[in-house]
Amino acid sequence: MKTKSLLKQAFVAALGLFSASSALAQNPVKENIAGNIGGTRFVVTAPSAIAGIKKINYATWGAAASPTISGKIIEKAYDTLGAATLLNGTGGYPTLTGKFALIFRGAGISFSDKVNRCIAAGAIGVIIVNNVPGDPVGMAPTPAGSTVAVPVFMISDVDGAAISNEIKAAPLGAGTVIMTLGTWNTGGTHDLGVLAQYQSTPHAMNIPLHQLKGSAGTLAYKHYVGGAVANYGAATETGVTVTDSVFWTPTGGSAAYVTNNSYTVASISVADSIRFGFGASAPYELAAPTTTGKYEHRYSASYGNTDDFPQDNKASITQYVTDSIFCKGRYDFTNNRPMVSLGIRPGVTPPVSFVSGDLFYIKNGNYAARKVQFSLSNDAAATLDGFLVNVFVSKWVDGAGGDLDSLVQAGELTPVGICAKSLTSSDSTGKTLTLDVLDIVNPTSGKVVKLDGNSWYYIGVEVPASLFIGIDESNSFFTRGYAQWMLGGAKPGAFVYETAVGLTTSDFATFTSTATNTLAPYPFSGNALYIDSAFYDRFNEVPSIALHMSKDTSTSIKNLINTFNGTTSVYPNPAADNINIELSLKEMSSKVNYRLTDLMGKTVIDLTHSNVLNEKFTMNLNGISSGNYYLLIVTDKGLDVKKVTVK
């Protein structure tokens with residue numbers, strides 16, 4: 001009997017260092033797929049210069065914003081770092097009593113400590129401003145599980161600075177910044193919103209130019225028209241049109257209109273309702289550009305009534321066309337790393353490790369896989385010292401293992417490249433790791449890994465059990481998959497592996513026919529959504545893994561330092577109960593890690609020896625299933641790999 005791969009297992013998400021908050025469990029509510037996306041809205045109603053709906057990340061350990069809280073003053077907590085007792089309410093500072101306190105993240109002070117100081121000063125709610133660029137992130141209470149009796153949420157550094165500047169520019173205690181906070185309806189009669197995370201997403205947020213050339217007709221790179229609209233108002237709306245206007249901006253140039261497509265939603269009922277719409281009868285293609293640059297998909301909603309809060313009637317998705325970077329999530333070109341919204345791992349920590357990864361469709365072959373980038377975090381320490389991480393680059397051929405079912409199985413993966421590193425004290429938690437891709441057959445040869453055209457490749461990171469992998473949750477790939485199914489896709493393989501996040505155990509039509517059927521995404525199944533009482537995953541927990549590709553497929557890796565400086569021998573091979581390992585190094589290694597992994601990159605045996613120069617020992621294989629494995633030998637200086645067959 002063939003064993004299904006680890007990818008078919010479902011895990012419950014527990015959020016980590018980057019964000020330790022999790023979505024509350026929800027009952028199936030007809031047409032409500034918002035979860036924690038569209039539920040609670042924060043609106044600045046005055047002054048007009050900064051008025052509008054602001055993006056937030058709501059703390060589940062704070063009080064709910066129900067009923068709606070309206071017309072409240074935002075006051076700046078002048079001890080913005082929360083490092084001492086707040087002085088508001090005494091001396092020359094305005095009081096926080098009856099107001100929402102604006103306070104900044106940072107200085108190593110916990111979120112709940114900041115919040116409790118504000119509450120002690122009389123605040124009825126706390127707004128925490130992110131201290132780094134990017135979207136607001138989740139927040140964990142201290143101690144874990146503790147709660148407070150006021151609403152708490154984070155806003156971005158940009159929105160926080162705008163509010164703070166308005167407060168500082170006004171007379172002391174003038175109360176010029178006014179807000180409303182509510183679940184769904186915030187007082188408008190006609191109030192629709194485009195769900196930015198649920199508009200149809202391109203195959204990847206970053207894609208190399210050389211992969212788009214000659215890609216006409218390639219299913220993975222086509223674009224779909226579809227998305228979700230929420231009704232936050234008090235009136236049923238009809239005839240809603242959402243237009244996707246596409247603009248192209250070449251590197252160093254100006255944006256130019258390319259095309260537009262639209263989808264419609266016939267009607268959408270009153271508050272707490274979300275509807276999907278889909279437009280074209282077939283996906284559309286964009287002509288391959290001749291230079292690097294970016295495509296912008298600018299979504300805008302229109303209908304017959306005047307919207308009371310039009311700020312969220314627009315949304316945009318940007319796809320960068322790069323010279324070498326393939327990445328499902330966003331990429332930070334300033335700091336040269338994948339963007340990370342939070343860290344995440346399975347809710348039940350696995351005994352050894354877990355595997356998280358993305359699938360990429362390579363249209364044009366004979367390009368080299370050079371580097372892989374990702375980040376890990378540790379909520380127990382400031383560094384990743386002592387951990388070993390390895391990454392497999394594997395070609396996936398559906399059916400190669402016997403089951404043509406669109407589900408990845410171990411027998412359908414052929415590892416072609418590997419990365420490995422013993423982490424040290426210099427590898428701080430949250431740091432982006434950049435590892436060279438080595439030829440798995442002979443990693444000490446310096447031979448590059450060439451990728452085949454018209455093929456799927458799985459980039460799987462094996463994450464040590466107590467660590468978290470960084471993810472980007474800026475967009476949900478669910479809508480793309482749903483659109484493909486609506487347009488005739490029969491099996492999840494027609495779209496799921498473009499999303500790289502989730503799997504189903506049957507074709508999509510069968511899955512959706514029964515509300516109790518569960519989606520089994522990998523690696524995480526938290527933050528579930530419901531559409532007409534059917535269960536779906538959010539599909540926006542995308543591992544932030546960047547694959548760097550190169551046109552140069554010469555036999556050397558120019559910047560590779562893999563000074564293994566030794567020889568290894570493994571016998572017998574094939575093996576039954578034991579294998580003998582002989583290692584001879586030219587200089588002593590303070591530690592040597594021997595790791596036996598399956599073809600998914602999942603560790604089955606993990607041994608570490610100290611102060612090794614020459615050694616011979618026997619590895620016991622009792623309990624190891626028959627099959628092919630890789631033995632990784634990682635020293636202070638480099639890496640060697642041996643393929644092992646267990647019978």
Side-chain angles (χ1 to χ4, degrees), residues 19-21 23-24 36 38-47 50-82 85-89 93-106 109-131 135-142 146-168 170 173-187 232 309:
S19 172
S21 81
L24 296 175
N36 63 346
T40 303
R41 298 207 300 165
F42 166 53
V43 184
V44 175
T45 55
I50 62 170
I53 299 166
K54 312 300 180 183
K55 189 171 185 178
I56 68 173
N57 201 316
Y58 208 81
T60 57
W61 45 277
S66 180
T68 297
I69 302 168
S70 62
K72 298 301 180 181
I73 295 171
I74 301 176
E75 191 65 76
K76 186 172 181 181
Y78 279 81
D79 173 19
T80 58
L81 295 180
T85 302
L86 289 169
L87 298 178
N88 302 70
Y93 296 123
T95 179
L96 289 181
T97 301
K99 303 174 184 178
F100 270 70
L102 185 77
I103 195 163
F104 284 74
R105 175 189 183 189
I109 309 300
S110 72
F111 294 120
S112 51
D113 187 4
K114 293 175 184 291
V115 169
N116 282 318
R117 291 175 188 271
C118 292
I119 294 173
I124 61 171
V126 179
I127 306 168
I128 298 178
V129 181
N130 201 356
N131 63 345
D135 293 338
V137 301
M139 299 171 286
T142 305
S146 61
T147 60
V148 295
V150 304
V152 179
F153 57 92
M154 181 179 285
I155 61 177
S156 72
D157 60 321
V158 174
D159 287 337
I163 295 172
S164 178
N165 290 337
E166 286 290 340
I167 294 173
K168 290 190 294 184
T176 56
V177 181
I178 309 298
M179 60 164 284
T180 293
L181 185 73
T183 301
W184 289 91
N185 192 306
T186 50
Y232 300 106
F309 295 97

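The figures here come from the full heavy-atom set of this structure, side chains too, leaving out hydrogens, waters and symmetry mates. Numbering starts at 1 and runs along the sequence shown.
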**Student:** Shortest non-hydrogen contact from Lys72 to Gly98?
**Tutor:** CD-O, 4.2 Å
**Student:** Can you name the side-chain hydrogen bond (donor to acceptor under 3.5 Å, both in side chains) partners of Asn116, sequence neighbours left out?
**Tutor:** none
**Student:** I'd like to know if the side chain of Lys99 and the backbone of Gly125 have a donor-acceptor N/O pair within less than 3.5 Å.
**Tutor:** no
**Student:** Report yes if the side chains of Tyr58 and Arg41 come closer than 4.5 Å at any heavy-atom pair, otherwise no.
**Tutor:** no
**Student:** Restricting to side-chain contact (heavy atoms from CB on, under 4.5 Å), what partner residues turn up for Ala174, sequence neighbours left out?
**Tutor:** Ala170, Pro171, Thr176
**Student:** I need the minimum non-hydrogen distance between Thr68 and Asn185, along with the two atoms involved.
**Tutor:** OG1-O, 3.1 Å
**Student:** Could you report the tightest heavy-atom contact between Gly173 and Pro94, atom names first, then the distance?
**Tutor:** CA-CB, 3.7 Å
**Student:** Can you name the residues that form a side-chain contact (heavy atoms from CB on, under 4.5 Å) with Thr45, not counting sequence neighbours?
**Tutor:** Val43, Ile178, Thr180
**Student:** Side-chain contact test, heavy atoms from C-beta onward, threshold under 4.5 Å: evaluate it for Ser70 versus Thr186 and give yes or no.
**Tutor:** no
**Student:** If you round to the nearest 0.5 Å, how far is CE of Met139 from OG of Ser110?
**Tutor:** 11.5 Å
**Student:** If I take atom CG from residue Asn131 and atom CG from residue Asp157, how far apart are they, to the nearest 0.5 angstrom?
**Tutor:** 8.5 Å
**Student:** Name all pairs fulfilling the salt bridge (charged side-chain N to carboxylate O under 4.0 Å, His left out) condition that reach into residues 119-131, sequence neighbours left out, sorted by first residue then second.
**Tutor:** none
**Student:** For Asn130, what residues pass the side-chain hydrogen bond (donor to acceptor under 3.5 Å, both in side chains) criterion, not counting sequence neighbours?
**Tutor:** Arg105
**Student:** When rounded to the nearest 0.5 angstrom, what is the spacing between CG in Asn57 and CE in Met154?
**Tutor:** 7.5 Å
**Student:** Determine which pairs satisfy salt bridge (charged side-chain N to carboxylate O under 4.0 Å, His left out) with at least one residue from residues 55-71, sequence neighbours left out, and list them in order.
**Tutor:** Lys55-Asp135
**Student:** I'd like to check the side-chain contact (heavy atoms from CB on, under 4.5 Å) partners of Thr97; sequence neighbours left out, ordered by chain and number.
**Tutor:** Thr95
**Student:** List in chain and number order the residues that pass ring-ring contact (aromatic ring centres under 6.0 Å, His included) with Phe111, two or more places apart in sequence or in another chain; answer none if no residue qualifies.
**Tutor:** none
**Student:** Between the side chain of Lys76 and the main-chain N/O of Ile167, is any donor-acceptor distance below 3.5 Å?
**Tutor:** no
**Student:** Roughly how far apart are Leu96 CG and Ile124 CD1, rounded to 0.5 Å?
**Tutor:** 10.5 Å
**Student:** Got Val115 and Ile128 here, is their nearest side-chain heavy-atom distance under 4.5 Å?
**Tutor:** yes
**Student:** Kindly write out the residues that satisfy ring-ring contact (aromatic ring centres under 6.0 Å, His included) with Phe309, not counting sequence neighbours, or none if the list is empty.
**Tutor:** none
**Student:** What is the distance from atom OG1 of Thr147 to atom CH2 of Trp61, rounded to the nearest 0.5 Å?
**Tutor:** 9.5 Å
**Student:** Mind telling me whether Phe100 and Phe153 have parallel, tilted or perpendicular rings, with 30° and 60° as the class edges?
**Tutor:** tilted
**Student:** Taking all atoms of both residues into account, what is the closest heavy-atom pair of Pro141 and Ser112, and its distance?
**Tutor:** C-OG, 3.9 Å
**Student:** What distance separates Ile127 CD1 from Ser164 OG, expressed to the nearest 0.5 Å?
**Tutor:** 11.5 Å
**Student:** Can you name the side-chain contact (heavy atoms from CB on, under 4.5 Å) partners of Asp159, sequence neighbours left out?
**Tutor:** Lys54, Ile155, Ser156
**Student:** Please tell me if the side chains of Val129 and Ile103 come closer than 4.5 Å, counting only heavy atoms from C-beta onward.
**Tutor:** no
**Student:** Quick one: are Ile69 and Pro151 in side-chain contact, heavy atoms under 4.5 Å?
**Tutor:** yes
